[in-house]
Amino acid sequence: MTDDPYALSGPQSHDFWAKSIARRITERDLDDPIVIKGGISPSGVPHLGNMNEIARGYFVAEALRDRNRTVRQVFTADDRDPLRRLPRTLADLDGNTVGLGDVDAGALGRNLGKPYTAIPDPFGCCDSYGAHFSALIERSADRLEIPVETVSNTELYESGAFEDVTRYLLEHREQARDVLANYQNTVGDDYVPFRPICGDCGHVTETNSVRSVDLDAGTVTYVCTDVEAGDRTIEGCSHEGVATLREGKLPWRFEWPAQWHVLGVDFEPFGKDHAEGSWPSGVDISRNVLSDVPPVPMTYEWFTLDGRPFSSSDGHVVTVGEVVEFLEPEVLRYFFTKDPSRARDFSVERIDQLVNEFDEFERTYFEEVGSDRRTTREASVAYPAVVDAVSEQPIRLPYTFAAVLGMTDDADLREAMARREGHIPAEASERSIEAALERVEYARQWAERTDNAYNYRLEADLPSVAFDSDTEEALDELASVVEREADGETIQSAIFETARDHGLSPGELFTAGYRLFFGTEQGPKLGPFLAELDRAFVVRRLRREA
RNA sequence: GGGCUGGUAGCUCAGUUAGGCAGAGCGACGGACUCUUAAUCCGUCGGUCGGGGGUUCAAAUCCCUCCCAGCCCGCCA
């Protein structure tokens, strides 16, 4: 009954889902360390959705550590899986994406059917294709500041860690086949739960390639077969050979329970695609073939990106590396504290909303106001796991305001504007102000990336512009208004009035202002913005002097 | 076709554990004065809680049924 993968539907014991899961785990009376696992196939660029495998487990790990348990969080790089099709986009180790055409696609194509770890790295920087993309996954975890231990599946095979369980499954292959046949219609009499790697062409062969098993010698004989990959066939070479139990891989439906067995996994989150497929069969295999206890499960719903599913092949992806260019890592971690049983949209366009939510979440933790009791309790548990270390409450500039500050490179001006708007308390320490202003760079990146309403830059030097005499006179008059210590609304009104007084439409004068200050036709609401700037500078600029 | 998960304001989501006034943020709209200009501030509008039925003094919440979306029931992971 604890095998129900929808662990988070129905009554929960705690306000924060990770605590409810932690309780389920501790109810099992396990020895330390408790092992939490996730798994990702290093088939291409790891996107934000893939990070569920690591981030969800992290919050459970933290909840267990709160109970003074020792936790080991691992993720398996499922890198013995064969490359089945070429990804359309790849990424170098810095996360910069490149098209398939930018690497030697032909060389990659010739390696279809081989394990990721047996394929040369198209970038030439890592030991293999698998190592390259595993490194990218690790880097994503690093950027989320989540400590995980990477386990290479290939390494588990080659080191012999999988050998005993492989031998056991081959010894009991009829039972294994019978159990799996309850879940997969295509399991035939020739099914063997082992896929030897062809000694000649290097392909991972199919589950019907084994011809004989010699457990005493620890070998199988096989015939290299074709492999179905989606709508295509990767041709085998018909080579007849002998493979040891370390020279092949278990089919996924067995490999997963075998990982639990070998690594002693106590908890594993997984995507909804597993919930009705490999999870139930995995439980059955674990309990009834391997005589194990399967881990506590947790299904998570998938993310969408700007309303559409993540799609590596269509290039509709966003990586952790990209996201942490425009928000703080703790904000991204906060995203993963949300209820995993609900599908979630991650919107780059509306990233300001997520940051606002995080700020509210943080305020709830420190001030315990403005929210209901449940939310407060949730924040009190989840917040410490989201930030590096709980210290004093940080100063947070509203994200879109930070984007406005990003229109200027002048650090002093940024601070002055933030102070004037009351976002920095008078007694704030230099250190805390510096930290607060770091958000400006994030918001600036966001504005540039989405090219949105905040993507303007204050021109440090006078742009080369020419105006007619009416406009010049209007600008001079406006300069006088600003000189008289006018506030934002007054300047805004003055733009309209001055324009009319000089026979211009307000739009023409606005445009002239945007040209002078931003070198563009449009910009932020001009009056209040100019009011925030240094008076003398604004006056000089309006007079076209500097 | 069968099974599973989800559906709450224009958008993103809380609220469903234990039935008790329908919520937040964003967006939109409005903010005297000769005023189309995106930050900040103030305010307003915004709902068939997917539809229908039932239980109940009372239902977003419990039960039945239907609709829609996603996933699984082939391969692969």
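Lettering of chains follows the sequences in order, A, B, ..., and the numbering in each one begins at 1.
- Within the shown strands, C26(B) is the pairing partner of G10(B) under the Watson-Crick or G-U definition, both distances less than 3.5 Å.
- Under the side chain to side chain contact (heavy atoms under 4.5 Å, CB included) criterion, Pro398(A) pairs with Phe401(A), His423(A), sequence neighbours left out.
- Asp284(A) is linked by a side chain to side chain contact (heavy atoms under 4.5 Å, CB included) to Val179(A), Tyr183(A), Asn288(A), counting only residues two or more places apart in sequence or in another chain.
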Side-chain donor-acceptor pairs under 3.5 Å in residues 201-208 of chain A, sequence neighbours left out?
| residue | atom | partner | partner atom | Å |
| --- | --- | --- | --- | --- |
| His203(A) | ND1 | Glu235(A) | O | 3.3 |
| His203(A) | NE2 | Leu112(A) | O | 3.1 |
| Thr205(A) | OG1 | Pro196(A) | O | 2.7 |
| Thr205(A) | OG1 | Ser209(A) | OG | 2.7 |

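- Scanning for side chain to side chain donor-acceptor pair (under 3.5 Å) contacts around Arg484(A) gives an empty result, with sequence neighbours left out.
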Between protein and nucleotides 60-64 of chain B, what N or O pairs are separated by less than 3.5 Å?
none

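- With sequence neighbours excluded, the residues that form a salt bridge (Lys or Arg N to Asp or Glu O under 4.0 Å) with Arg439(A) are Glu328(A), Asp359(A).
- Evaluation of the ring-ring contact (aromatic ring centres under 6.0 Å, His included) rule for Tyr514(A) yields no partner, not counting sequence neighbours.
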What does the list of N/O pairs under 3.5 Å between the protein and nucleotides 39-42 of chain B look like, with a distance for each?
| residue | atom | partner | partner atom | Å |
| --- | --- | --- | --- | --- |
| A39(B) | O3' | Thr400(A) | OG1 | 3.3 |
| U40(B) | OP1 | Thr400(A) | OG1 | 2.9 |
| U40(B) | O2' | Glu421(A) | OE1 | 3.1 |

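- Considering only residues two or more places apart in sequence or on other chains, Glu497(A) meets the salt bridge (Lys or Arg N to Asp or Glu O under 4.0 Å) condition with none of them.
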When you compare the protein's N or O atoms with those of nucleotides 10-13 of chain B, which come within less than 3.5 Å of each other, and at what distance?
| residue | atom | partner | partner atom | Å |
| --- | --- | --- | --- | --- |
| C13(B) | OP1 | Asp345(A) | N | 2.9 |
| C13(B) | O3' | Arg344(A) | NH1 | 2.6 |

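- Sequence neighbours left out, the pairs with a member in residues 268-278 of chain A that pass salt bridge (Lys or Arg N to Asp or Glu O under 4.0 Å) are Lys37(A)-Glu268(A), Lys272(A)-Glu301(A).
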### Contact state string [nucleotides 68-73 of chain B, B base, S sugar-phosphate only, - no protein heavy atom under 4.0 Å]
--BSSS
